[in-house]
Amino acid sequence: MISRIACPAGPLRSPKALAPRPGGFPFAKQGVALMNLLEELRGRFAAALRALGEDDARWLEQVVPAKDPRFGHYQANMAMPLAGKLGRPPREVAQQIVHHLQVDDLCQEPEVAGPGFINLRLRPEFVVAQLQRLKTDPRLGVPRVSKPRTVVLDYSSPNVAKPMHVGHIRSTVIGDCLYRVHKFLGHHVIGDNHIGDWGTQFGMILYGYKHFLDADHYRQNPVEELARLYRLVNRLVSYRQQQEELPRLRQQQGELRGRLAQLESQTEATEDPKQRKKLRRQLQRLQAQLQELHQQIADTEAAIAQVEADPQLAELARQHPDIAQRVLEETAKLHAGDEENRRLWREFMPACLEALERIYRRLGVQFDVTLGESFYQDRLAPVVEQLLELGVAQESEGAVCVFLPEESAPLIVRKKDGAFLYATTDLATLQYRMERWAPDAVLYVVDHRQSLHFRQLFATARLWAKRVQERDPENPLTKLLDCELTHVSFGTILGSDGKPFRTRAGDTVGLESLLDEAVEHALRIVSRNDDAKPTGPELSPEQRRRVAEAVGIGAIKYADLSHHRTSDYVFSFEKMMSTTGNTATYMQYAYARIRSILRRGGVDVEALRSSEDPLLLESEQEHRLALALLRFPEAVAEVLVDYRPNLLTNYLFEELATHFTAFYEQCPVLKAPSDPLRRSRLVLCDLTARVIQKGLELLGIQTVEQM
RNA sequence: GCGCCCGUAGCUCAAUUGGAUAGAGCAUCGGACUUCGGAUCCGAGGGUUGGGGGUUCGAAUCCCUCCGGGCGUGCCA
């Protein structure tokens, strides 16, 4: 397996160059570069291991921040596994590594502990020197990568014809965060919103426009009217489908009941207890299935009844009995180049895009390009032709399929009616991306239910590229062969009932109304807090609104980003805007509080940052806080190792905020016992605020000066 | 049926990808303090990491098996 952990790149500066000069302050400002400490240490270990004849980068992953402060600041664990390989006792191996390790400019004498752990403790002077540099560094110590990658990031990807809903949150928010982190680290990243602007939903709008248009409404608010048309047609189509489906469901129910009865008597008749148990289990499963089917039938019946109870809807349904078919025809006409449908499509698009843009503006999300499905139309037929010609795909039951040995189901790239699919567009899109950007990686931020699709897509794309390479090694598509293709998958947002998040009526929740609700909730919290201030409220209604917007939207984003990407999580306004715990609200509040200290202290932060005052890390709390600040670069870099934003939120909360509060409790700042100590502590405050701000910014979350 | 993912404290989630004594926040209980912004801090209880077996110096993490759940699975995206 290829590890994505970045190897310390390039020749390292000789440790000698950093060694303390006799008689001089060893860490004069100009002598120390800002660094990702972890990577720097890994580089040092790489050198030591090379001296022992080992150059496997895997060992370097075993250099990690120490889990327990008793073990120092960093620890290296490679001596134990290496001992097995070398056939020598692990402690001896550890000693040998230490012998070759040159870290005396950064660390105190390394210790070998336990079965063979190498524990490292940073030298206080080094910590102070690094912090001094941080004061004036706009990047807060985060270095740019030495080898920038070109990365295409595919995220958000809503359908333009229908309003965005809760299902789009995770892709948009995680994608945006990854975009920001890539950019900040110096990668060349292309944010691409692969919108659905060419599918069946457009057929629905076209059909709706031709039959149900409210012209006045359309003139006044085209987006709203189009959304209304979409919902109306969608409802009528569903109604028809449900009507067709109901008999089939009932038949299934009958069959299932029959099987159940059969199994029941079979179970009764079985003597063998083991066999009986097995049958019982089958019985249980069958009963569960039946239960589910009952529910499904009930839901379907309810949906049908709802339409029929509405005289207007029922009338429309009667007038448009073949609506499902007609919608597909409208879509097909659009694809075939029908003049009117193309004209309408062009007419609708700007309004649809503007509606999306409004939400993105509110979320603070940006893209470099928005190339929807329609953009790749001309490529679809040639792609399929080429796949057939190269023997990657073949015809089967009238459709064109790619059969992969490792997958049981084929990837279908052309339906038997000649239409192209999602998979076809994805292949064409990859081809285009290779031609235009020749990226080192293409990342798809898409929910986990599509993992099979992406496995098939990636395998097919590679096979395709390989066949192309055999004929035409210069073809841009061959770049695909050493391009990372990753499905950055994520779990489902659940309601408090543990089921996918929906309204009480069972509809999906619109994104915009969700944001409104969050902001309202935030406004209540902000107002309550402002009213309760000992010196009286200090925010105007306007300011409260602005703060609430930052708090509400920040809360939604942070809740999403702070959870492990692959797991499902429960959506709850209370939890995400809790003022204690790992939330955006807490982090924003911590920031505002620190800024308030600086304000009340009448501190000129510019002067503070540029001053040469010494930093005094006398207490344990100050020292720990300083170390936490120095670890920001590691936390940022780690996000991209496995595309995990929650590693950054973990850092902000557990590492930084925790150590800051400990410091804040124990170390008076404005009332510090001496002026130099006061200034030193103000520097720590300022740095903490800046790291919080930058960290939240990388998550796409705003900070406010007062709240 | 087959495939993928998951199961961690009463609840919601972490655990630097195999490291030392599995951590936070809610909730519960007990403390602190004349607010540098109390939206605070400190402490306690709470765990056979779904069960069992295996791999090795070392397992929540890897392998096997069973139990329980989610998702997907030939013409949607």
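In what follows, chains are A, B, ... by sequence order, proteins preceding strands, each numbered from 1.
Classified by interplanar angle (parallel below 30°, tilted 30° to 60°, perpendicular above 60°), the ring pair A:Tyr444/A:Phe458 is tilted. A:Tyr586 and A:Phe653 have perpendicular rings, their planes meeting at more than 60° on a 0 to 90° scale where under 30° would count as parallel. Using cut-offs of 30° and 60° on the angle between ring planes, the pair A:His563 and A:Tyr569 is parallel.
In this structure, A:Asp68 reaches neither bases nor backbone, as no heavy-atom distance under 4.0 Å exists between it and the strands shown. Across all strands shown, A:Ala592 has heavy atoms under 4.0 Å from base atoms, whether or not it also approaches the sugar-phosphate. Nucleic acid contact class of A:Pro90 (heavy atoms, under 4.0 Å, all strands): none. Among the atoms of the strands shown, none is found under 4.0 Å from any heavy atom of A:Glu407. Base contact: A:Arg644 has a heavy atom under 4.0 Å from a base atom. At a threshold of 4.0 angstrom between heavy atoms, the contacts of A:Gln450 include nucleobase atoms, whether or not backbone atoms are also involved. Among the atoms of the strands shown, only primed sugar atoms or phosphate atoms (P, OP1, OP2) are found under 4.0 Å from some heavy atom of A:Val570. Note on A:Phe71: a base of the nucleic acid sits closer than 4.0 angstrom, heavy atoms only. Residue contacts for A:Asn650: at a heavy-atom cut-off of 4.0 Å it reaches the sugar-phosphate backbone alone, with no base atom in range. The residue A:Thr661 sits close only to the backbone: its heavy atoms come under 4.0 Å of sugar-phosphate atoms, none of a base. The residue A:Cys667 sits close to a base: some heavy atom pair falls under 4.0 Å. Backbone-only contact: A:Leu421 has heavy atoms under 4.0 Å from sugar-phosphate atoms and none from a base. If you check every strand for non-hydrogen atoms under 4.0 Å, A:Arg455 touches sugar and phosphate atoms only. Residue A:Gln62 is in base contact, counting any heavy-atom pair closer than 4.0 Å across all strands shown.
The nearest whole Å value for the distance from the CG atom in A:Leu457 to the P atom in B:C4 is 19 Å. Across the protein-nucleic acid pair, A:Glu665 atom CD and B:G37 atom C1' stand 12 Å apart, rounded to whole Å. Distance OH (A:Tyr589) to P (B:U40): 8 Å, rounded to an integer number of Å. Distance A:Arg449 CZ to B:A77 C1': 10 Å, rounded to the nearest Å. In this structure, A:Leu652 places its CG atom 15 Å from C1' of B:A24, rounding to the nearest Å. Protein atom CE of A:Met80 is 9 Å distant from nucleotide atom P of B:A20, rounded to whole Å. Atom CG of A:Asp426 and atom P of B:C75 are 18 Å apart (whole Å). A:Phe490 places its CZ atom 18 Å from the P atom of B:C5, with the value rounded to the nearest Å.
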Can you check side chain to side chain contact (heavy atoms under 4.5 Å, CB included) on A:Val413 and A:Phe420, steps first, answer last?
CA-CA 6 Å; A:Val413 293; A:Phe420 303 110; over 6 Å; no
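Between A:His194 and B:A77, a side-chain N or O to OP1/OP2 separation shorter than 4.0 Å is absent. An OP1 or OP2 oxygen of B:G37 is reached within less than 4.0 angstrom by a side-chain nitrogen or oxygen of A:Arg600. Contact annotation: A:Thr580 reaches the phosphate of B:C26 (side-chain N/O to OP1 or OP2, under 4.0 Å). The side chain of A:Lys416 contributes no N or O atom lying less than 4.0 Å from OP1 or OP2 of B:C75. Residue A:Asn646 places at least one side-chain N or O closer than 4.0 Å to OP1 or OP2 of B:A15. Distances shown here put a side-chain N or O of A:Lys415 below 4.0 Å from the OP1 or OP2 atom of B:C76. Distances shown here put every side-chain N or O of A:Ser567 at or beyond 4.0 Å from the OP1 or OP2 atom of B:G70.
The pair A:Glu244-A:Arg240 fails the salt-bridge criterion, with no side-chain N (NZ, NE, NH1 or NH2) lying under 4.0 Å from an Asp/Glu carboxylate O. A:Arg544 has a carboxylate O that lies under 4.0 Å from a charged side-chain N of A:Asp530, or vice versa, which qualifies the two as a salt bridge. A salt bridge links A:Arg455 with A:Glu407: at least one charged nitrogen is closer than 4.0 Å to a carboxylate oxygen.
Distance check on atom P: B:U28 versus B:U8 gives 23 Å, rounded to whole Å. As rounded to the nearest Å, B:U21 and B:C66 have C1' atoms that lie 31 Å from one another. Comparing the P positions of B:C11 and B:U34 gives a spacing of 39 Å, expressed to the nearest Å. As rounded to the nearest Å, B:C13 and B:C6 have P atoms that lie 15 Å from one another. Between B:C62 and B:G30, the two C1' atoms lie 43 Å apart (nearest whole Å). A distance of about 12 Å separates the C1' atoms of B:A60 and B:G23, rounded to the whole Å. Distance check on atom C1': B:U65 versus B:U55 gives 15 Å, rounded to whole Å. Taking atom P on both nucleotides, B:A27 is separated from B:A22 by 26 Å, rounded to a whole Å.
Checked against B:G19, B:G25, B:U16, the side chain of A:Pro115 finds its nearest nucleotide in B:G19. The side chain of A:Ala399 lies closest to B:C75, out of B:A20, B:G37, B:C75. Listed nucleotides: B:A77, B:C71, B:U16. Nearest to the side chain of A:Val64: B:U16. Of the candidate nucleotides B:U17, B:C75, B:G19, B:U17 has the atom lying nearest to any side-chain atom of A:Asp642. Listed nucleotides B:G37, B:U12, B:G19 differ in distance to A:Ile597; the shortest reach to its side chain belongs to B:G37.
Shown are A:Glu638, A:His73, A:Glu655; of these, the side chain to side chain donor-acceptor pair (under 3.5 Å) with A:Arg631 is made only by A:Glu655.
B:U17 shows a glycosidic angle within 90° of 0 and is accordingly assigned syn.
Evaluation of atom-type donor-acceptor distances gives a pair under 3.5 Å for the side chain of A:Ser396 against the base of B:G74.
In terms of heavy atoms, A:Gln706 sits closest to A:Val547 at O-CG2, 3.5 Å. For A:Arg565 against A:Ser489, the heavy-atom pair with the smallest separation is NH1-O, 2.7 Å. The two residues A:Ala550 and A:Val704 come nearest to each other via the heavy atoms CB-CG1, 4.0 Å.
In this structure, A:Tyr664 forms an aromatic stack with the base of B:C36, since both conditions hold: centre separation below 5.5 Å and plane angle below 30°. Remark: ring of A:Phe117 overlaps the six-membered base ring of B:A20 in a stacked fashion, centroids less than 5.5 Å apart, planes less than 30° apart.
Enclosure of atom CZ in A:Arg449 is not indicated, since only 12 or fewer non-hydrogen atoms of other residues, nucleotides or ligands lie within 6.0 angstrom.
Counting only Watson-Crick and G-U wobble pairs whose two distances sit under 3.5 Å, RNA chain B takes part in these stems of three or more pairs: B:1-7 with B:67-73, B:10-13 with B:23-26, B:28-32 with B:40-44, B:50-54 with B:62-66.
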